[in-house]
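Below, each value reflects all heavy atoms present in this structure, side chains not excepted, and no hydrogens, waters or symmetry copies.
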Number of protein chains: 2
Amino acid sequence: MKETETGIEITLEIVCGKWKGLILWKLLHEKPMRFNQLRREIDGEISSRILSRELRKLTDDGLIERIDYEMVPPKVEYRITPYGKTTASFLTIMNEWGLEHKRMSTSKKEMARLINKQTQDEFG
Amino acid sequence: MKETETGIEITLEIVCGKWKGLILWKLLHEKPMRFNQLRREIDGEISSRILSRELRKLTDDGLIERIDYEMVPPKVEYRITPYGKTTASFLTIMNEWGLEHKRMSTSKKEMARLINKQTQDEFG
DNA sequence: ACAAGTACTTACAATTTTGTTACTATTCTA
DNA sequence: TAGAATAGTAACAAAATTGTAAGTACTTGT
């Protein structure tokens, strides 16, 4: 970490990417979850290799915890830590903002579709 | 955009990556800025190609605005839009959280350093 | 006349992230 | 006795992101 980094950069390093935000979000709202359970419930099909890697990163950063029951067949649970829970402060707002943005851009696209159709009707 | 996406995913698509969060953060707190001015002030040296691309993405998403004064030599300013200003709701918290995390992980590293030194003194 | 600055773009290269496939040992279920 | 499920890992491949170098047309300052 450079000295000059803003908090933004640091937070993005931790939460950015295709999966980490989602995993955190899931674990913030559900009980501790087992590996394959998480895999099934995350939409968009995450591979086990990727899930494994992302979980380790989050664990290394102290946001989640790995609980190994040391049995066969293996049982491992992942649970959010108290520190991980503090990410809710911005994840909640990001979620709301994202939903709002989705509504906006959907209507923008719809408008573009209508304009395109009109142009087609006129010149097509 | 898939139907099943959470707000988190959508927001991350927009703000994620090495530069976009920083650029937004900069424009949230400063007056409209010119291209090379932004380039100079962003720490970590962003290339003009990358800056150009990131600015266009943010413009496409309606978060910033490009004002072309149409003069020679060229003068173009980038300014945050009212909609872009709404990202402050989570960026502010992300910034605070990131600074806090930095403090934490710095002290963790310091602790690791002390422990390593102690082990060296005992066995080295 | 020459260097420096303006806001970029193009062609290309390196790096990082993400994904696929196949595999492990063991137990439970049909 | 075959098949599924458990939590992963290793070797490899593709895709996305980020970067570098050079160039554009024009003006200002030395």
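- Residues in residues 9-105 of chain A take part in these disulfide (SG to SG under 2.5 Å) pairs, two or more places apart or across chains: A:C16-B:C16.
- Within 4.0 Å (heavy atoms only), B:R56 reaches sugar-phosphate atoms of the nucleic acid but no base atom.
- Without hydrogens or angle criteria, B:K26 side chain to B:L38 main chain gives no donor-acceptor distance under 3.5 Å.
- B:R40 has its CZ atom 15 Å from the P atom of C:dA4, to the nearest Å.
- Note on A:R39: nothing from the nucleic acid sits closer than 4.0 angstrom, heavy atoms only.
- Partners of B:K57 by side-chain hydrogen bond (donor to acceptor under 3.5 Å, both in side chains), not counting sequence neighbours, listed by chain and number: B:E54.
- Per the geometry, CZ belonging to A:R66 stands 12 Å off C1' belonging to D:dT9, to the nearest Å.
- One interatomic measurement links the two molecules: CD1 of B:I23 to C1' of C:dA7, which rounds to 15 Å at whole-angstrom precision.
- One can place CD of A:E13 at 12 Å from P of C:dT16, the figure rounded to the nearest angstrom.
- Partners of A:W97 under the ring pair (Phe, Tyr, Trp, His ring centres under 6.0 Å) rule, at least two apart in sequence or in another chain, are A:H101, B:Y83, B:F90.
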For nucleotides 14-18 of chain D, which of its nitrogen or oxygen atoms have a protein nitrogen or oxygen under 3.5 Å away, and what is each distance?
from	atom 1	to	atom 2	distance (Å)
D:dT18	OP1	B:K18	N	2.8

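- Near-neighbour residues of DNA chain C inside residues 71-80 of chain A, defined by a heavy atom below 4.0 Å, number-ordered: A:V72, A:P73.
- Remark: B:E45 engages no residue in a salt bridge (Lys or Arg N to Asp or Glu O under 4.0 Å) (not counting sequence neighbours).
- Remark: C1' of D:dA5 and CG of A:L38 are 16 Å apart, rounded to the nearest angstrom.
- Counting to the nearest Å, the C1' atom of C:dT18 and the CD1 atom of A:I42 are 14 Å from each other.
- Scanning residues 25-37 of chain A for heavy-atom distances under 4.0 Å to DNA chain C yields an empty list.
- In this structure, A:S52 reaches the D:dT9 phosphate: one of its side-chain N or O atoms is under 4.0 Å from OP1 or OP2.
- The separation between B:E70 atom CD and D:dT27 atom P is 16 Å, rounded to whole Å.
- Rounded to a whole Å, the CG atom of A:L51 is 10 Å from the P atom of D:dA7.
- With sequence neighbours excluded, no residue forms a side-chain hydrogen bond (donor to acceptor under 3.5 Å, both in side chains) with A:Q37.
- Between A:M94 and B:M94, the closest side-chain pair of non-hydrogen atoms falls below 4.5 Å.
- Contacts classified as salt bridge (Lys or Arg N to Asp or Glu O under 4.0 Å) and involving residues 65-76 of chain A (residues at least two apart or in different chains) are given here: A:E65-A:R79, A:R66-A:D68.
- Sorted by first and then second residue, the ring pair (Phe, Tyr, Trp, His ring centres under 6.0 Å) pairs with a member in residues 46-68 of chain B form an empty list; sequence neighbours excluded.
- Qualifying salt bridge (Lys or Arg N to Asp or Glu O under 4.0 Å) partners for B:E100, counting only residues two or more places apart in sequence or in other chains: B:R103.
- A search for side-chain hydrogen bond (donor to acceptor under 3.5 Å, both in side chains) contacts involving A:S47 returns nothing, not counting sequence neighbours.
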